[in-house]
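Heavy atoms only: backbone and side chains are in, while hydrogens, waters and symmetry mates are out. As the structure lists them, so they are numbered: ligands from 1, and atoms in each ligand from 1. Index from 1, following the sequence.
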Amino acid sequence: MGCLWACALASAGGRQTDAAQRVSLLLRDQAALAGYPGQISCSDVEQAVPIPAVAITGMGRQDSLQIDNLLVTTKAQDTLAAVAGLARALTPDTRIVLLQNGLKVQQEITQQYGAERVFCVSTSHGAWLRAPFDVVHAGRGEAWLGQLGAGDANRQARLQALLKLLPAGALNIRVDEDIGARLWRKLAINCAVNALTVIHDCRNGELLQIPEARQTLSRLCDEISAVLQAVPEAPPMGDLWTQVHQVLNITADNVSSTLQDIRRGRATEIGHLNGYLCELATRRHLHCPVNREVLEQMRVIESRAIRAARASWQ
Ligand code: KPL
């Protein structure tokens, strides 16, 4: 997602706006910077887009660096540390835009940095990396921008001002006044779908064809709905099975983000999906055995995948 958004932002549909000219990539460390070719390739654009980059480590020492708009595309579990690592480059006016799956980290960052400057994006775009810094925009979806919390009279103006800086046309970005509800629904869908695609090592649509997967999917939907019904902040889920069914049909050929992580030997966001759901259940003394079982299976598969990837690098 980071490469997709960086490329769309930097090319900004051909507009040479100030914002488009000043897009920079913040890479994890010097090793990531050394492997960066200086440009991002994306299936949406004919030519690779040159974007300057710096490594986050050591940035705290560069007192002059100031970030006006920070688009955070790290995995959910890396987000708090990534934003904290940039503390000296942030001002009280820096907008922090979050693109993670789940909802826990968005709530934490909103609480920590203030509801007025934190923005959340929920997206259905599908993307995968053909090679490092070479992204395929596989599923053309949409993206919704909003802010968590009760809101105030200036929220709409803040959202519209930020929207002007984002590649709204290229990535079909719109404002959602109730992004919280959208993120809760997406969380429910990701809890039902993502881990199961790993357990069955299949594309999204295949979950409906594999009898065992379909059965677990149905039990997961019931359990997720029951847990979220007990969470006062969560919106009514309606018929989760039907919603999941629709998403699986629309994204039938997608490899879920979690399965992509596993195949690349990377840590997944599952702790912020089924893990967070289990936390919500525990706080309300509810049982969620299917989610716990899925989480357990995921932990085993994930550590095996990470070990295998490390072994192949040595
Ligand atoms: O959001 C997704 C993901 O892969 O993380 C779904 C909805 C499962 C689409 O692939």
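A donor-acceptor contact shorter than 3.5 Å is absent between the side chain of Asn154 and the backbone of Ala157.
Transitive grouping of hydrophobic side chains (ILVMFWY, heavy atoms separated by less than 4.5 Å) keeps Leu80 and Leu183 in distinct clusters. Under the 4.5 Å side-chain heavy-atom criterion for Ile, Leu, Val, Met, Phe, Trp and Tyr, Val45 and Val136 are members of distinct hydrophobic clusters.
At a heavy-atom cutoff of 4.0 Å, ligand 1 is surrounded by Asn101, Lys186, Asn190, Val193, Asn194, Asn204, Val247, Asn254, Ser256, Ser257.
For the residue pair Asn194/Ser256, the side-chain donor-acceptor check at 3.5 Å is not satisfied. Side-chain atoms of Gln243 and Trp241 include no donor-acceptor pair closer than 3.5 Å.
Rounding to the nearest 0.5 Å places NE2 of His137 at 7.5 Å from OG of Ser43.
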